[in-house]
K.L.:
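Okay, handing you the structure first.
Proteins come first, then strands; the chains are lettered A, B, ... in the order of their sequence lines, and each starts at number 1.
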There are 4 protein chains.
Amino acid sequence: MPRPRSEDRRNAILRAATRVIASQGLGAATAAIAREADISNGSLFTYFDTKAELLNELYVALKAEMATAATPDLRAGDGLREQVCRMWTQWWRWAMANPDKRRALAQLQVSDDITADSHRAASLAFSGVADLLERSRANGPMQNVPLGFVLTLVNGIAEATIDEMIREPAEAEARSRVASDALWRVLAGSAAPPTA
Amino acid sequence: MPRPRSEDRRNAILRAATRVIASQGLGAATAAIAREADISNGSLFTYFDTKAELLNELYVALKAEMATAATPDLRAGDGLREQVCRMWTQWWRWAMANPDKRRALAQLQVSDDITADSHRAASLAFSGVADLLERSRANGPMQNVPLGFVLTLVNGIAEATIDEMIREPAEAEARSRVASDALWRVLAGSAAPPTA
Amino acid sequence: MPRPRSEDRRNAILRAATRVIASQGLGAATAAIAREADISNGSLFTYFDTKAELLNELYVALKAEMATAATPDLRAGDGLREQVCRMWTQWWRWAMANPDKRRALAQLQVSDDITADSHRAASLAFSGVADLLERSRANGPMQNVPLGFVLTLVNGIAEATIDEMIREPAEAEARSRVASDALWRVLAGSAAPPTA
Amino acid sequence: MPRPRSEDRRNAILRAATRVIASQGLGAATAAIAREADISNGSLFTYFDTKAELLNELYVALKAEMATAATPDLRAGDGLREQVCRMWTQWWRWAMANPDKRRALAQLQVSDDITADSHRAASLAFSGVADLLERSRANGPMQNVPLGFVLTLVNGIAEATIDEMIREPAEAEARSRVASDALWRVLAGSAAPPTA
DNA sequence: GATGAATGAGCTTTCATTCAT
DNA sequence: AATGAATGAAAGCTCATTCAT
């Protein structure tokens, strides 16, 4: 029995790719990623057949991680407003805590190497978030548009806010509250603050 | 800034770069851009010293064009709501009419080759839009955050909506209205429709 | 020569190599050969230290098989002409029946990896054929040249004819007779047909 | 006007390829060929799009050169026998004088990279030789087989003899006469010596 | 001995940039 | 200034061989 293909090694490559892509962009050499993962350049290709495959898997993995981080646990008794608030908080906390992942994602998102399948898989990971948004927009001004549009919109607002938070980390908490209110206004149309 | 002879040629290169980058991404070869511009590969470098310089100039030019398209003419008598509405309409009309420019911008926005200076220059071009947003948010819920944040946020919402419009062009007008209302809610906090 | 366990496996590798080289050329990866032989890539190297060694052994084995196929059984009473005729028939029958082996041989013959020793060993295998040729040329026009030259020449004629037979398999029998006569003319100088 | 693409350089690459392939086989690196031709590795690809294209052009060029060398000038008054004799002499003289070209050809001949088109082009170059053979076999034992077969056969005999000449250069002239007679016997069936 | 992952040198090809014309 | 050939440093990927299991 040979040395088994190791899940650890595979993850090490994905982590290394995240770091290298965050700092050098998608043009980063596979050899650089391998070096960062402490493996030989040839070894990378036993885990990912091509660079494009590595990028696709990384994209889906990062999106899924982000989605998981954002998806709020179901706590009985919480109102929708609270749930949205918690989701949003979890989302930006993850983003602020993982700047490399966010930067890598920004590059991957617009890459031609990312297939339609990967984009689909990434969307699927957001179903928990989508469920919450579906309930939140139910009787509001967004009730008649496709849920996908709502998701896109919320994502746009979230990312824009996180960009600002990164520019001014000291004000992150303050911005968070402003953004949370804005989000709710977009979804539900009223500015009622969450019951504290 | 010593400018070489033909401004026409320079612009031809920028237009060619837009098309080529839209279809092939930032990895596009300078030779491909030169061919698309109907000049020799060497000639490109008499107009732009490096590929990075070309990308930066293209980025700023496209952002500026987008900003110009979005900036509403000052018409006496128009209310803020109407002006925001007009801005937004002009914005997405430009985006829908110029898919290549939008796609190229999406790539450029996240490129490591784009300098902080270029990002600053791009923001400056949005001063007309910024002015309008400044007035629009004056007494609303966003009155105490930096104007840059408001711009970022509005930009995020706009881009998300345009993405959706591209997915479903038939519904563009309908989405436009929904988005316009959402935008106003974010800025001003109330959903009052524009006085027609 | 310490031989590892299974002679079967060794032969399986040689057979697999024949097929793979016939279809992909000498550039074929050792891993491809191993896969075709249904063993692991590493295992191949317990049977052959290097790829070059495998190629050399394959070359000698194929040449020897060809020689064995061509060598006519000694049948008392047969005239030389009949024996040459039988040899030639056996030769091309083997070639037509084993296209992969022939193609692999064609590649191996010109490879830099094949050592002088292997070429010598291959010649040795043709001693039966050489004996017959020695007797056949005894009083003819080739009586004063080295036997090796006669062998080379006969080989050249045989291979050229087989190439033609492969191009037009339907005419193989007809070509066989023409070539047999030509062979005899080269060796013995007269065109007397075999006494049937 | 830029430096024009130079036919000299192109030929230098072909010559370099001949030498390098003769000594290292078809596995020779394009970089090695470029170095031997005293150009940069990238430059090679402005003259030949791919390595396979280079190999194909080299193959056709070498075959054509060999054919030209072998094709006898038409001299009024020469009998067929003399013409065949002259062709054969010119052929082997060229081969002995150009060992690298012969070795490179041997490799190229069996390469999978050589297309059917190239093989066709190579055959065409031998039309002068083919004409002579057509006339020579006219009333002899080979009159009823395809001319292509005759060519293949003559080629096989020629190459086999040249191989022997290379093994024993001192005997080249002697072998030449023996081979010439054998050739004539194959074609015309009689051993009549050339009228001196 | 058998397995297949690990290794790293080496390959062809691309491409931003330079430079002879 | 314009041209496009020349340059050479990468890049992604392959593969003979080694080695941990």
Side-chain angles (χ1 to χ4, degrees), chain A residues 1-6 9-10 26-35 37-55 113, chain B residues 4-6 9 27-35 38-55 113, chain C residues 4-6 9 27-35 38-55 113, chain D residues 1-6 9-10 26-35 37-55 113:
Chain A
M1 248 174 294
R3 192 185 308 190
R5 207 188 284 195
S6 135
R9 248 170 146 82
R10 194 187 171 80
L26 295 179
T30 52
I33 295 172
R35 196 177 325 115
D38 265 317
I39 60 169
S40 69
N41 49 9
S43 238
L44 187 149
F45 292 93
T46 67
Y47 290 92
F48 303 92
D49 278 347
T50 62
K51 185 182 186 183
E53 191 181 308
L54 166 58
L55 295 183
D113 285 329
Chain B
R5 277 291 159 72
S6 159
R9 251 175 147 86
T30 52
I33 296 171
R35 195 177 327 114
D38 268 318
I39 60 165
S40 69
N41 56 2
S43 236
L44 188 149
F45 289 92
T46 69
Y47 291 92
F48 303 93
D49 279 348
T50 64
K51 186 182 187 182
E53 190 181 311
L54 165 58
L55 296 183
D113 285 329
Chain C
R5 276 293 157 70
S6 160
R9 251 171 145 85
T30 52
I33 295 171
R35 196 178 325 115
D38 268 318
I39 60 166
S40 69
N41 55 4
S43 237
L44 188 150
F45 289 91
T46 69
Y47 291 92
F48 304 91
D49 279 348
T50 64
K51 186 184 186 181
E53 190 180 311
L54 165 58
L55 295 182
D113 286 329
Chain D
M1 250 174 294
R3 192 185 309 189
R5 207 188 282 195
S6 136
R9 249 170 145 83
R10 194 187 171 80
L26 295 178
T30 52
I33 296 172
R35 197 178 324 114
D38 266 317
I39 59 168
S40 70
N41 51 7
S43 239
L44 188 150
F45 290 92
T46 68
Y47 290 91
F48 303 93
D49 279 346
T50 62
K51 185 184 185 181
E53 192 181 309
L54 166 58
L55 296 183
D113 285 329

K.L.:
Hey, where does DNA chain F pair up into stems, meaning at least three consecutive Watson-Crick or G-U pairs with distances under 3.5 Å?
P.N.:
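So far as stems of 3 or more pairs are concerned, DNA chain F shows E:2-21 with F:2-21.
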K.L.:
Going by side-chain contact (heavy atoms from CB on, under 4.5 Å), name the residues that satisfy it together with B:S40, two or more places apart in sequence or in a different chain.
P.N.:
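Listed in chain order: B:S43.
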K.L.:
Could you tell me how far apart C:D38 (CG) and E:dG1 (P) are, to the nearest whole angstrom?
P.N.:
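So the two atoms are 20 Å apart, to the nearest Å.
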K.L.:
For C:R9, enumerate each residue passing the side-chain contact (heavy atoms from CB on, under 4.5 Å) test, keeping only those at least two apart in sequence or located in another chain.
P.N.:
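Scan of C:R9 (side-chain contact (heavy atoms from CB on, under 4.5 Å), adjacent residues dropped) gives C:S6, C:I39, C:Y47.
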K.L.:
Evaluate the side-chain proximity of B:L54 to B:I33: yes if any heavy-atom separation is below 4.5 Å, no if none is.
P.N.:
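Of all side-chain heavy-atom pairs linking B:L54 with B:I33, at least one is under 4.5 Å.
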K.L.:
Does the B:R35 side chain pair with the main chain of B:N41, one donor and one acceptor, at a distance under 3.5 Å?
P.N.:
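Between the backbone of B:N41 and the side chain of B:R35 there is no qualifying donor-acceptor contact (under 3.5 Å).
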K.L.:
Please report the distance, rounded to the nearest Å, between CZ in D:F48 and C1' in E:dT14.
P.N.:
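Value for this atom pair: 18 Å.
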K.L.:
Mind checking if A:Y47 touches a base, just sugar-phosphate, or nothing, with heavy atoms under 4.0 Å?
P.N.:
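A:Y47: backbone/sugar contact only, no base atoms under 4.0 Å.
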K.L.:
Could you list, one pair per line, each protein nitrogen or oxygen that sits under 3.5 Å from a nitrogen or oxygen of nucleotides 15-18 of chain F, together with the distance?
P.N.:
from	atom 1	to	atom 2	distance (Å)
F:dA16	OP1	C:K51	NZ	3.1
F:dA16	OP2	C:T30	N	2.5
F:dA16	OP2	C:T30	OG1	2.7
F:dT17	OP2	C:K51	N	2.8

K.L.:
If the condition is side-chain hydrogen bond (donor to acceptor under 3.5 Å, both in side chains), which residues does A:R10 pass it with, not counting sequence neighbours?
P.N.:
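Partners of A:R10 by the side-chain hydrogen bond (donor to acceptor under 3.5 Å, both in side chains) criterion, ordered by chain and then number, come out as A:E57.
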K.L.:
Taking C-beta and beyond as the side chain, do D:L26 and D:D113 meet within less than 4.5 Å on heavy atoms?
P.N.:
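In short, these two side chains do not touch, never coming nearer than 4.5 Å.
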K.L.:
Just N and O in the side chain of B:R35: are any of them under 4.0 Å from OP1 or OP2 of F:dT3?
P.N.:
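The answer is no; no side-chain N or O of B:R35 sits under 4.0 Å from OP1 or OP2.
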K.L.:
Does C:R9 place a side-chain N or O at less than 4.0 Å from the phosphate oxygens OP1/OP2 of E:dA2?
P.N.:
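For E:dA2, OP1 or OP2 has a side-chain N or O of C:R9 closer than 4.0 Å.
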K.L.:
Without decimals, in angstroms, what is the distance between A:L54 CG and F:dA11 P?
P.N.:
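Roughly 15 Å, once rounded to whole Å.
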K.L.:
Got A:L55 and A:F48 here, is their nearest side-chain heavy-atom distance under 4.5 Å?
P.N.:
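Result no, sub-4.5 Å side-chain heavy-atom pair not found.
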K.L.:
Over how many whole Å does the gap from A:L44 atom CG to E:dA6 atom C1' extend?
P.N.:
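Answer to the nearest Å: 12 Å.
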K.L.:
Starting at the 5' end of DNA chain E, which residue's closest nucleotide do you reach first, C:S40 or A:S6?
P.N.:
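Closer to the 5' end of DNA chain E: C:S40.
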K.L.:
If every non-hydrogen atom of A:T50 is compared with every non-hydrogen atom of A:F45, which pair is closest and at what distance?
P.N.:
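In this case the closest contact between A:T50 and A:F45 is CA-CE2, 4.2 Å.
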K.L.:
What is the distance, to the nearest angstrom, from the CG atom on A:D113 to the C1' atom on F:dA11?
P.N.:
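Spelled out: CG on A:D113 to C1' on F:dA11 is 14 Å.
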